[in-house]
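Heads up: the structure comes next, in structure tokens.
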Amino acid sequence: MTAPSLSLRGGGGPLASIGRFRTAHRSISILVTWLIIGLGLPLVVELPLLRDFQPQVVWVDGFALSGIYILLALGLNIVVGFAGLLDLGYAAFFAIGSYTFALAASPQAITHLNIPFWPMLIVGALVAALFGTLLGAPTLRLRGDYLAIVTLGFGEIVPAVFLNADTYTRGTNGIGGIPQPQLPCIGDFCVKFTFLDPFPFFWTMVIILAVVMVIIYRLQNSRLGRAWMAIREDELAAASSGINTITTKLLAFSLGASTAGFAGVFSASKLGNVDPNQFLFVVSFTVLAMVVLGGMGNSWGVVIGAFTLYTIQSVLLKELNQFFQAQHVPILQSIDFVQYQYLLYGIALVAMMLLRPEGLFPSTRRRQELHEAAGGVEVTDVPPPTTEIGDA
Amino acid sequence: MASLSLRSPALKSTAIIVAALVVAFLLLGFPQFMNAMTLGAIYALIALGYTMVYGIIELINFAHGDVFMVGAFASLWILTTPLGLLDRPINDPIQLTGTLVIVVVPVMIFMGILGVVIERFAYRPLRHAPRLAPLITAIGVSFILQNIIQVLFGPSPHPTPQIFPKFDLLTIGSFNLFGLDVAGGTARGLNVTMIVVALALMGILQLFVGRTRLGRAMRSTAQDREAASLMGVDINQTIAITFFIAAALAGAGGMIYGLYFGSVQFNLGFYTGLKAFTAAVLGGIGNTVGAAVGGFVIAFIEVAAAQAGYNRWSEVAVFTVLILVLVFRPSGLFGQALGERA
Amino acid sequence: MKLARIGVLGVSAALVFAACSNSSPGSSSGAGASGGAGKVIKIGTELPMSGGETANGVPTQNGVKLAIDQANAQNLLPGWTLQLNGQDDAVNGVHDAGQGGKNMTSLVNDPMVVGEVGPFNSGVAQVEIPIANAAGLLMCSPANTNTGLTYPPDAKQYRTTNPTKISYVRLAAPDSIQGPAGADYVYNDLGAKSVYILDDTETFGVGVGDSFQAEFVKDGGQVVKRDSAPKSTTDYTPLFTAVASMHPAAVYLAGTTPTGMGLALKQGRTVSGFETIPFMGPDGVADLGDGNTQGSTINIAGQAAANVSGTVAGIHDIPDAAKFQTDYKAAFGADPGAYSAIAYACAQVIIQGIKAAVAAGTTDYAGIREAVRAGATAAGNKFDTIIGSVSFDVNGDTTSPYMSFYKTDLTLNNGVGGWTWVKQQAFTDPNASATLAP
């Protein structure tokens, strides 16, 4: 198992030194990368080809919305990727975050609280984390398969509760009129979050993603992160080594849920309304597909996977339909690609598991784990914990 | 030989089941009782598949509910395309039986093959992989099946030809028992036939598993795979047979479903499958009798909820049952204690 | 990294293809662009176009397309060529509010779009109205019926940015009219004095069920039971069995066939006591599809669809029905859908708004967009459309709501079955002379 091209072996010019800097100051590099993304993406879509496709504001709006899914994928990655717990009902925490904000802020809700966005971002995450603990508690003694089914059950129960408890949640009509974030003006300069201007939402999402990723990175390289890895690989051995599997698992659930809580509050504010149909099983499935395809355990891989899948789903597939119809390509023009979307996801999941279970952008550790377990190459040297590039 | 004294567990369980049925009959009334029995028969057939597969390779086959759905569509296709049947009852009993046989046999065989294919290509390569991999593959297969059917048949519900003539088999009048009004009604021939067919299939399965060599191979593989292979059991073949039978039963369930409910849709497998899985867990995963009983219990819970006006909560109720069973009594009603399964 | 490179290549390639195909996403040029050289001006549509909702969205969009093509052919806007910017809010075959919001953002940011027809589903409208309101783009829905979208005080909360500017109008009669129309029909015309109501827990179903129930009780009838069955319900028989002993004289299916009402009809009829009594439903059940149309009520229910009535929130007797049918069939090769003519009328409202703006001297897109929006609800403005003369009250509702009543007839179409029209009824708009609530 050789290290990939950038390593600590010294030499090699500017790229290598950036690499070394990256490794040594991981958190800063994450923040800088997101800064570059936040400033760069809106500029990139001004390029001629992309600009003809969609105006910049529509691109940026799409990025802000894709950020919601990226956030969800990062959170699920903690549960599935780091701790190896298959959570099939992740959308429940997303729903809890969204409804918490809706109940706290919308004039249509019976609670009439009017708490603004910024504190609710934290509160929503905390509420979701609380439910993460509550819903994770019954699953502690369960094996992988049963855990998956129970989480699936919760994923069904939570939206059903929101739907049926209509005295509190307005049932199927959902709660509308959810306000957007407000920022105080600095002198004459104001940042307004409106329905027409996606930029403030986009930058808020970039900041949230950057902060969340730094936190996740720190957790991953802490004792907790190593405990998660230990549970993922062999729970019995981990318990025997003195790891408290209960708190480790509960922390995985609650931290994953809190990320979904962030996403939920943001989504509620961006769309302006919540209703139970926004949180069905397909959401959990899509986020799972993003995590699996992106590379379970690798945060940047998951980010890329989530962004790619979202763009395919919301933009490209529909355009493919239009394109083939406009060009009158014989067979392809009568295919409704949108219909095939989930078929392709399903095939992709099966293919990934059979051929490349570590995902498209795996962490090296994960790749070792999965191929060794499948009877692959025996690992002779264990790479040092935090100093290898590619291990995210 | 098990003794037949009153203390024997088999007799005790049977007595409890009969008592429960009588109580349910009295509380629900005859028509709802028949509804629940038919629904239960369908859940039982699917639950058997879950329990058999889990018993032998300890994998929850997420795609099993969708195999049931494909079976329902396969029956629909056979009824409408080669047979060209319309939505008219077939009154001649011989012709009716013949039609049913012509439908159910190919459907069961085809579904069985589908089950074997899924196992061979999606699960067998991952038999030694970490638990997460085959679970994710199963979800992928589930979506693949759903979408293939959606592409082939369209997303709207499809009506199935109602070839069963309406005939009443048994009429019980309303009566009053100790101040409790018990609603009467008639049992339709369709209900009774479906229940009988399902029970017959379950009975055949029990005989197969209990008395034949292949059945013994299945039981031994489920108990201890390595020991079984040391005794000369071909593990791969045994697992393949298990999947074949499980899928065939689900296919039969699908045919019954289509004939009884009159409509099939591509997303049928998801909820029905989950409820059947709950039934299997409730009965004790790995235990075929338990799965059958569990199927009926879940059906009665659902029907009782509808009767009481709580049908909006019936899914929540079923999932809550699942969670409670898994947390407090993972071995289910009939299973042995599973012990700590870290 | 190789995989990543391939991935990036693939995505870029797809983007190149897509960019080469159209200048802006989702647009297709009007087929009858005879004038050719006119300045392009667009009407947007935002409808569920794929998956299970194709039968809802496609005929509706076709109605708009027909209006655009005929306007171009007749040169109704000299110097201008109309084009369509069509959007699809279905995700995995079901209408999705988030996607609708995205599409609306796309439409408002296309400067050439001066008006929009859609959406189909009230839940999607809730997300789109704030966006259109902020941008001042007129939305004309041919199908939304939820009262909260226009009636004060709820509607005001959707007009977050410009509370006094109405940018949402609709030509469909709201639930507050469709439910009571159904109730009166069941009580008077069908003569049933007791009814069992079953709704599908969706916004539309619950809304129309509530207004039906209130009116039926007011008429003097008795609602023996009201049940809700979510769309995931596969077995409706226990529900009907539970009600059988109460012997209702009719059943009202408050919902739509795609969310289970067709199945409820089929299974409900098998329960004794329900075999022959009349069933009634709103326009989600009265989809006017014949027995061969996949997913239609008659197709799903088969023989059980006998003796079923329904309301459609729109006019039936359009002045030139035969011509519309012929034109539609010639253009699209199929019969018009339930909302095709109404969507056509929405397009006409926008076209006439453009015409008035141009005549008044406005030639820039932004000005036309605002003029179209303001003109729709301006007091006294009438629009001459294919469904007759329409105008909108201060909230955006049509001032002349019509309900049409239909009945199933399984002998039509060589035994395949279809719907026949029974009658239509004009209702009064309760807010016709109101002023905009502060």
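Just so it is clear: chains get the letters A, B, ... in the order the sequence lines come, proteins before strands, and each one is counted from 1. Owing to the predicted nature of the structure, the values given are computational and were not obtained by experimental measurement.
A:Leu288 touches chain B through its side chain: at least one heavy atom from C-beta onward sits under 4.5 Å away, while N, CA, C and O do not. When heavy atoms are compared at a cutoff of 4.5 Å, B:Ile148 approaches chain A by way of both its backbone and its side chain. In this structure, chain A has no heavy atom under 4.5 Å from any part of B:Ser142. For B:Ile60, the parts sitting under 4.5 Å from any heavy atom of chain A are the backbone and the side chain alike.
The nearest pair of heavy atoms linking B:Leu326 to A:Leu142 is O-CD2, 3.6 Å. Here the closest heavy-atom approach between residue B:Phe121 and residue A:Leu354 is recorded as O-CD1, 3.4 Å. Between A:Ala160 and B:Val316 the shortest heavy-atom distance is CB-CG2, 3.6 Å. Residues A:Ala148 and B:Phe62 approach most closely at CB-CZ, 4.5 Å, considering heavy atoms. What you find for A:Val350 and B:Val141 is that their closest heavy atoms are CG2-N, 3.7 Å. Closest approach of A:Met353 to B:Thr137, counting heavy atoms only: CB-OG1, 3.3 Å.
Between chain A and the options B:Leu59, B:Val327, B:Leu126, B:Ile136, the largest number of non-hydrogen pairs under 4.5 Å is found for B:Ile136. Of the listed residues (A:Ala289, A:Ala137, A:Ala348, A:Gly153), the one with the most heavy-atom contacts under 4.5 Å to chain B is A:Gly153. Residue with the most contacts toward chain B among A:Leu163, A:Asn164, A:Ile157: A:Asn164 (heavy-atom pairs, distance under 4.5 Å).
Within 6.0 Å of CG in A:Leu134 there are more than 12 heavy atoms belonging to other residues, nucleotides or ligands. Annotation: A:Phe154, atom CZ; neighbour count of heavy atoms from other residues, nucleotides and ligands within 6.0 Å is above 12.
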Item to complete: Let me see the working for B:Leu135 and A:Leu88 under side-chain contact (heavy atoms from CB on, under 4.5 Å), right down to the final yes or no.
Response: CA-CA 11 Å; B:Leu135 277 178; A:Leu88 291 179; over 6 Å; no
Worksheet item: Where do A:Glu156 and B:Val318 land on the side-chain contact (heavy atoms from CB on, under 4.5 Å) test, with the steps shown first?
Response: CA-CA 11 Å; A:Glu156 292 298 312; B:Val318 170; over 6 Å; no
Worksheet item: Taking it one step at a time, do A:Val161 and B:Trp313 satisfy side-chain contact (heavy atoms from CB on, under 4.5 Å)?
Response: CA-CA 8 Å; A:Val161 167; B:Trp313 297 97; 4.1 Å; yes
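In this structure, B:Phe143 has its ring center under 6.0 Å from that of A:Phe285. When ring centroids are compared, B:Tyr271 and A:Phe281 stay outside the 6.0 Å threshold.
For the atom pair OG1 of B:Thr278 and CD1 of A:Ile149, the computed distance is 7.5 Å after rounding to the nearest 0.5 Å. Distance CG/A:Leu343 to CD1/B:Ile149: 11.0 Å, rounded to 0.5 Å. One distance of note links OH of A:Tyr345 with CD1 of B:Ile139; it measures 15.0 Å at 0.5 Å rounding. To the nearest 0.5 angstrom, B:Ile323 atom CD1 is 8.0 Å from A:Leu135 atom CG.
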